[in-house]
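Just below is one structure, and these are the notes that go with it.
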Amino acid sequence: MAAGMGRRLGELTRDNTKCMVPVNGVRLIDRLLGQLSKLSLHRVIIVVGYKGQELREYIGNRYDDLLRIEYAENPIYDKTNNIYSLSLVKQQMMEDDTLLIESDLIFSDRLFSMLMENPYPNLALVAKYESWMDGTMVRIDEEQNIVNFISKDAFDYHDIDAYYKTVNIYKLSRQFSQQKYVPFLDAYTKAVGNNEYYENVLRIISLLNNHDMKALPIGKEKWYEIDDKQDLDIAEALFAEEKDVLRKYYGRYGGFWRFPQMLDFCYLVNPYFPSRRMKDELRSNFDTLLTEYPSGMKVNTLIASKCFGVSEPYIVPGNGAAELIKILMEDSQGKVGFVRPTFEEYPNRYDKEHQVTFVPQNDDYRYSADDLMAFFADKDICQLMLINPDNPSGNFIPKDDVLRLAAWAEEKGIRLVVDESFVDFSHDYATNSLLSDEILTAYPHMAVMKSISKSFGVPGLRLGILASADQSQIARIKKEVSIWNLNSFAEFFMQIYNKHEKDYQRACGKFVRERDDFEQQLRTIPFFRVMPSQANYFLCEVKQPYTASEIVIYMLKQHNILTRDCSGKPGLSPDKQYMRIAVRNHEDNTRLVEALRQYTK
């Protein structure tokens with residue numbers, strides 16, 4: 001079926017039909033015809049419409065040695081829907097068993113063999129419902145009979161756990177087409193018209209309770225339906241070649257929820273918070289938060305002050321820490337000291353000519369406050385950046401030592417910026433934070449950054465804070481951000497957090513225990529050297545002859561688990577291979593370790 005106009009793909013289908021769109025350099029139609037050429041088929045009929053002549057010319061005679069290709073023309077493709085396109089080939093459907101395929105699909109080579117090897121004559125490939133899916137849904141019973149086709153109008157989000165999405169690949173027997181489908185197709189189009197979907201005919205047949213049509217769930221086999229540019233972008237990541245796969249995924253900088261079956265071990269957040277009760281409170285206020293404006297900076301500063309226990313003149317909330325990091329680094333002057341390896345957002349935001357970098361000279365990238373004071377003692381820096389715990393090393397400087405460093409910086413006239421986004425994952429999480437008026441007032445040259453995404457488990461809210469007793473700097477930053485820099489959900493999270501604070505403390509304790517257990521599991525992997533960490537990730541050196549990229553690609557391709565190749569990160573030894581692995585819940589962590597144990601070079 002290749003008659004549609006594909007308007008949602010914009011300029012990509014201005015001169016071509018959808019199946020001519022390339023995914024990673026290969027057009028959908030070429031991929032599909034290549035897959036079909038491996039089957040024992042009598043003929044392939046392509047129903048064309050929009051830009052049909054261009055498609056015919058493109059295919060030409062290139063497949064003559066592999067397939068017998070015929071065409072059917074829908075001249076009124078812009079006034080009809082796929083039910084009319086299918087009716088054009090109803091005679092051929094009654095002559096042969098049929099595979100019915102939409103041409104805007106990309107899918108694993110395994111799907112056709114699954115369909116052909118299954119003994120049932122009438123089958124629809126289906127996938128468990130996921131949030132990206134749109135179109136025809138079905139319900140199936142325990143024997144995989146399709147008991148109902150769910151139209152868009154009848155779709156109910158309360159029932160999504162019971163829904164399967166049709167993959168838009170069907171196997172139909174000649175007998176079924178002759179005795180059921182085509183007669184119902186004729187009757188339906190006569191009664192309702194041609195601007196309808198062929199799935200509606202299957203829905204009516206399913207209501208007869210004779211179980212003519214079975215469903216075949218595809219499990220974890222990959223597929224995607226390409227209707228718009230975002231679909232195309234996701235499909236290119238899903239079906240990337242090995243040399244490009246990491247670039248396709250890492251270049252997204254998040255948004256991995258669009259790959260629901262993938263287990264993301266790049267994801268640096270608390271797996272045990274928010275609690276169910278807090279999520280329920282957020283859900284119960286969803287309509288209001290969605291449809292009302294958030295408050296401005298004045299009110300959000302007040303709420304942030306209440307939430308984090310810092311006076312209003314000392315704190316500024318941001319649209320994620322990233323917004324505040326950008327402004328903070330733009331506000332900086334002179335030479336700035338950095339520790340590497342580290343979270344690159346800070347040095348990336350500053351002139352390289354004015355960076356002074358300390359790199360620990362040991363295999364585990366450990367360093368102390370004394371190391372920093374010794375290195376920067378004779379360096380002409382105006383500001384020193386400390387990520388604590390650091391990313392990706394997991395190095396942690398205890399609170400008392402950070403305060404010694406702050407006193408040293410105060411004496412030297414150096415502004416100390418401490419990013420404590422991961423501090424609530426440390427062993428003494430309840431007392432390690434620097435966010436208090438007493439500490440900030442005692443060290444006015446110190447600023448404390450905190451990304452609320454990490455330990456609070458809410459990266460989608462985009463929330464961060466910067467705190468300092470340097471009220472003039474805080475006031476300048478407040479003027480730099482927009483008046484509505486926070487959304488209503490982030491504001492409401494801060495508003496209700498203190499009611500759930502005990503749950504948060506319990507979540508942090510549970511996390512620390514899980515991280516300690518996960519560390520022991522990772523240490524059983526023979527090709528890893530695991531470095532100690534007080535954050536929610538581990539930096540692992542990959543031992544020779546293994547390489548990080550090989551392991552990362554293997555984990556993604558074979559187990560749908562995404563991990564981070566850190567090799568080449570500034571500050572890490574260029575002669576060694578490294579991976580950073582996040583800490584998730586016990587079930588996920590165990591799955592990752594079991595997958596790693598299966599890897600052999």
Side-chain angles (χ1 to χ4, degrees), residues 128-133 155-163 254-295 299-300 303-304 306-309 317-322 421-425 429-430 433 450-465 485-515 518 535-537 562 582-589 591:
K128 203 77 176 70
Y129 173 79
E130 295 172 0
S131 59
W132 63 267
M133 296 174 179
F155 186 96
D156 188 337
Y157 282 97
H158 293 98
D159 295 334
I160 57 176
D161 288 343
Y163 288 164
F256 295 129
W257 53 271
R258 294 188 177 91
F259 304 83
Q261 293 186 17
M262 185 178 73
L263 199 54
D264 177 13
F265 273 85
C266 298
Y267 179 68
L268 302 179
V269 300
N270 192 335
Y272 301 117
F273 196 80
S275 63
R276 179 185 295 274
R277 185 172 179 80
M278 190 179 200
K279 290 177 184 177
D280 287 343
E281 186 167 1
L282 285 162
R283 287 189 193 99
S284 69
N285 288 274
F286 178 87
D287 290 352
T288 300
L289 298 175
L290 183 68
T291 58
E292 298 287 344
Y293 270 98
S295 302
V299 173
N300 278 324
I303 298 172
K306 171 187 75 77
C307 181
F308 299 105
N319 181 13
S421 295
F422 301 102
V423 77
D424 292 348
F425 297 118
Y429 56 88
S433 176
K450 193 180 190 76
S451 165
I452 307 308
S453 298
K454 309 297 189 297
S455 54
F456 291 83
V458 288
L461 294 187
R462 306 310 308 131
L463 182 60
I465 55 170
N485 69 323
L486 298 192
N487 61 65
S488 295
F489 293 92
E491 176 185 344
F492 188 69
F493 176 88
M494 291 192 297
Q495 180 179 317
I496 67 173
Y497 165 71
N498 296 110
K499 291 192 294 182
H500 302 273
E501 192 165 5
K502 288 184 179 179
D503 288 334
Y504 177 65
Q505 295 296 326
R506 282 191 287 268
C508 290
K510 186 175 182 179
F511 173 86
V512 169
R513 292 188 295 273
E514 177 55 35
R515 180 188 58 213
F518 188 38
N536 65 331
Y537 44 82
L562 182 66
V583 183
R584 294 177 62 101
N585 63 38
H586 187 76
E587 180 183 359
D588 292 345
N589 295 337
R591 177 178 157 190

Problem - Salt bridge present between Arg277 and Asp280 (N-O < 4.0 angstrom) - result: no
Exercise for the section: Might you work through the side chain to side chain contact (heavy atoms under 4.5 Å, CB included) test for Phe518 and Arg584, ending with a clear yes or no? Expected result: CA-CA 9 Å; Phe518 188 38; Arg584 294 177 62 101; over 6 Å; no
Handout entry: Approximate separation, where rounding is to 0.5 Å, of Ile452 CD1 and Met494 CE
Key = 8.5 Å
Exercise for the section: Enter the distance from Phe456:CZ to His500:NE2 here, rounded to the nearest 0.5 Å. Expected result: 13.0 Å
Practice task
To the nearest 0.5 Å, tell me how far Cys508 SG sits from Tyr272 OH.
Solution key: 12.0 Å
Problem - Non-hydrogen atoms of Phe492 and Leu282 that approach each other most closely - result: CD2-CD2, 3.7 Å
Exercise for the section: To the nearest 0.5 angstrom, please state how far the CG atom of Leu290 sits from the CG atom of Asn285. Expected result: 12.0 Å
Exercise for the section: Could you tell me whether the side chain of Lys450 and the main chain of Ala321 form a donor-acceptor pair under 3.5 Å? Expected result: no
Handout entry: Set of residues satisfying side chain to side chain donor-acceptor pair (under 3.5 Å) with respect to Lys499, sequence neighbours excluded
Key = Glu281
Practice task
Would you please classify the geometry between the Phe286 ring and the Phe489 ring as parallel, tilted or perpendicular, with 30° and 60° separating the classes?
Solution key: tilted
Practice task
For this output row, return yes or no: ring centroids of Phe273 and Phe511 closer than 6.0 angstrom.
Solution key: no
Handout entry: Ring geometry between Tyr163 and Tyr129 (parallel below 30°, tilted from 30 to 60°, perpendicular above 60°)
Key = perpendicular
Problem - Short side-chain to backbone donor-acceptor contact, Asp588 and Asp264, under 3.5 Å - result: no
Handout entry: Shortest non-hydrogen contact between Ser451 and Ser421, atoms and distance
Key = N-OG, 2.8 Å
Handout entry: Atom pair CG/CD of Asn270 and Glu514 - distance to nearest 0.5 Å
Key = 11.5 Å
Problem - Over all atoms of both residues, closest heavy-atom pair of Asp424 and Tyr504 - result: OD2-OH, 2.5 Å
Problem - Heavy atoms of other groups near Lys510 NZ, more than 12 under 6.0 Å - result: no
Exercise for the section: Output all residues satisfying side chain to side chain donor-acceptor pair (under 3.5 Å) with Arg506, sequence neighbours left out; order by chain, then residue number. Expected result: Asp503
Problem - Nearest atoms (heavy-atom pairs only) where Val458 meets Pro274 - result: CG1-CG, 3.5 Å
Practice task
Report yes if the side chains of Pro271 and Val583 come closer than 4.5 Å at any heavy-atom pair, otherwise no.
Solution key: no
Practice task
State, to 0.1 Å, how close Asn485 and Asn319 come at their nearest heavy-atom pair, and which atoms those are.
Solution key: O-CB, 3.1 Å
Handout entry: Validation row: Leu562, Cys266 side chains within 4.5 angstrom (heavy atoms)
Key = yes
Problem - Heavy-atom donor-acceptor pair, Arg515 side chain to Ala535 backbone, under 3.5 Å - result: yes
Fill in the blank from the handout: When rounded to the nearest 0.5 Å, the distance separating CZ of Arg513 from NE2 of His586 is 13.0 Å
Practice task
Could you list all the side-chain hydrogen bond (donor to acceptor under 3.5 Å, both in side chains) pairs where at least one residue sits in residues 488-498, not counting sequence neighbours?
Solution key: Ser295-Glu491, Lys306-Asn498, Asn498-Glu501
Exercise for the section: Of all the heavy-atom pairs spanning Ala490 and Leu461, show the shortest one and how long it is. Expected result: CB-O, 3.7 Å
